[in-house]
Structure formats: structure tokens, C-alpha cells
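Scroll down for the structure; my scribbles are underneath it.
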Amino acid sequence: MPKRPSAEAEAFYIAVYETVQRIPPGKVTTYGHIARLIDAPQNSRQVGSALKYLHDAPQAVNGNAADLNDESDWQDFFHLFNNETVPWWRVISADGKIAFRARGAMDEQGHRLQAEGVDVRNDAHSRPRIIDLREHGWFPRPEDEESDG
DNA sequence: CTGATGACCATAT
DNA sequence: CATATGGCCATCA
């Protein structure tokens, strides 16, 4: 069970997750791009930390939440954001390679991308196309956009 | 508090 | 193209 982050860090994580959720299937972007979108251009590494956090999250939280006694908010957190609801596999390094080098994780990310038609061989032969969420109108969220003028 | 670490990035060689 | 280096900043021992 991962330790609950500070309120400030949690807000950052949520911003990362909600932004990553706007990457369409079959498309990929980078850690740095996500960081810039959420107005934290210096925190690309922390974007990776946020995604790693999903990996540490309890997968069975939807079924058994016995361990989560008096922290219902904490349960809701992983109920909303987990390995299946946040497409972490669509985030790669700026050089077009998979950055997740933990045991087996690289293969899993490759498989998930392959299933969406993205070819990532982790070499220069076929670099996936990195998209900019803003250019495609996928960010910011229309509902969050302010209109002061 | 200090020092080490990490799913990063840009630049240099 | 691959490796090395400096910078970055939150997290952890």
C-alpha cells in the first residue's frame, strides 16, 4: 500500500492523470509534454513518479477495500485513477523510447501499445510520432477553459 | 538536515 | 547512434 502523498503532491498527481487520460488510443506523447501542459515544465521527472505511483496502487481496491478503514477518500483516489483508467502506457521518453525499465514493465507497455497499433521497438528504426495535445484540441478540457473575453 | 535516487530532458562528444 | 554530463525537483533513507 503506497503512502499517501501530501495534498500538494496529490493535486499534481491528479493533474497528471487527468491530462494523460486525454491521450487518445493509438497516440503517444512524452513526460515533458505532460509536465508543460499542467504548467510544471520543470517537473517531467515527477510526471514519471506519478505514473509509477499507479503501478504501486492496490489493484483490488475496487473489490476489497478492507485495508482502507477510515480513509475513504484514499479509496476513491485509486478507484478513479489506476492502471486501467489512466493510459500510462501512452507516455514515453522524449527520444521515442520506453522509459519504464522495471522488470517486465517494458514488455507490458510495449504490448499495450502494440495492441493499439503503435510500434515501439525502443530503437531508432521506427520512432513513434509524438503528439501535442494542444495542437489537436485535446487540451485543455473545453469544460475547464476560462472565457474572460 | 544531508545525501542518494528516479518511468526525464537537452546538450555535448 | 550511444554514452556521458549537468540540471531539475519531489521523495526517501
Side-chain angles (χ1 to χ4, degrees), chain A residues 1-63 65 67-141 144:
Chain A
M1 167 67 88
K3 184 177 152 190
R4 185 169 197 170
S6 67
E8 193 176 11
E10 192 172 316
F12 176 84
Y13 286 2
I14 290 174
V16 170
Y17 300 150
E18 292 187 335
T19 304
V20 171
Q21 285 178 329
R22 300 198 63 74
I23 309 172
K27 307 288 183 185
V28 294
T29 192
T30 70
Y31 299 91
H33 182 58
I34 297 297
R36 288 189 287 274
L37 287 179
I38 62 178
D39 203 29
Q42 312 287 23
N43 295 60
S44 57
R45 299 193 78 145
Q46 277 63 282
V47 171
S49 296
L51 297 185
K52 179 179 184 176
Y53 202 68
L54 295 177
H55 196 74
D56 297 334
Q59 295 300 301
V61 68
N62 292 326
D67 296 334
L68 303 166
N69 297 324
D70 48 353
E71 298 187 350
S72 56
D73 290 339
W74 196 218
Q75 176 182 350
D76 291 342
F77 184 87
F78 286 122
H79 195 82
L80 284 173
F81 307 111
N82 57 58
N83 275 339
E84 301 306 321
T85 63
V86 180
W88 53 269
W89 57 92
R90 295 178 195 143
V91 185
I92 62 179
S93 296
D95 60 6
K97 297 179 180 176
I98 291 176
F100 196 179
R101 291 165 195 264
R103 271 173 59 87
M106 215 163 95
D107 286 340
E108 184 188 354
Q109 185 166 11
H111 283 314
R112 291 201 187 228
L113 285 176
Q114 189 176 356
E116 298 182 349
V118 180
D119 188 17
V120 180
R121 301 182 212 174
N122 249 24
D123 57 35
H125 295 301
S126 68
R127 225 166 11 125
R129 196 168 136 74
I130 306 298
I131 66 162
D132 182 336
L133 295 182
R134 285 170 305 196
E135 284 186 4
H136 294 269
W138 295 321
F139 186 92
R141 293 179 158 190
D144 293 340

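A, B, ... follow the sequence lines: proteins, then strands. Residue 1 opens every chain.
- Look at CZ on A/Arg4: it is 14 Å from P on C/dT11, rounded to the nearest Å.
- The separation between A/Phe12 atom CZ and C/dC8 atom C1' is 12 Å, rounded to whole Å.
- Aromatic ring pairs are classed by plane angle as parallel below 30°, tilted from 30° to 60° and perpendicular above 60°; the pair A/His136 and A/Trp138 is parallel.
- Applying the ring-ring contact (aromatic ring centres under 6.0 Å, His included) test to pairs two or more places apart or on separate chains, those with a residue in residues 85-119 of chain A are A/His55-A/Phe100.
- Heavy atoms of other residues, nucleotides or ligands lying less than 6.0 angstrom from CD of A/Glu116 number more than 12.
- What separates CD1 of A/Ile98 from C1' of B/dG6 is a distance of 18 Å, to the nearest Å.
- Between the C1' atoms of C/dA13 and B/dC1, the separation comes to 13 Å (whole Å).
- For the pair A/Tyr13 and A/Gln42, nearest-nucleotide mapping onto DNA chain C gives the more 5' position to A/Gln42.
- Evaluation of the salt bridge (Lys or Arg N to Asp or Glu O under 4.0 Å) rule for A/Asp119 yields A/Arg121 as partners, not counting sequence neighbours.
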Report task. Test side-chain contact (heavy atoms from CB on, under 4.5 Å) on A/Ile92 and A/Ile130 and set out the steps. Result -> CA-CA 9 Å; A/Ile92 62 179; A/Ile130 306 298; 3.7 Å; yes
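- The separation between A/Ile38 atom CD1 and C/dA10 atom P is 12 Å, rounded to whole Å.
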Requested in this report: At under 4.0 Å between heavy atoms, which parts of nucleotides 7-13 of chain B does protein reach? Answer with one letter per nucleotide, 5' to 3': B base, S sugar-phosphate only, - none.
Outcome: BBSS---
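- Between B/dA7 and C/dG7, the two P atoms lie 22 Å apart (nearest whole Å).
- Using the six-membered ring where Trp is involved, A/Phe77 and A/Tyr53 have ring planes that are perpendicular, over 60° apart on the 30 and 60° scheme.
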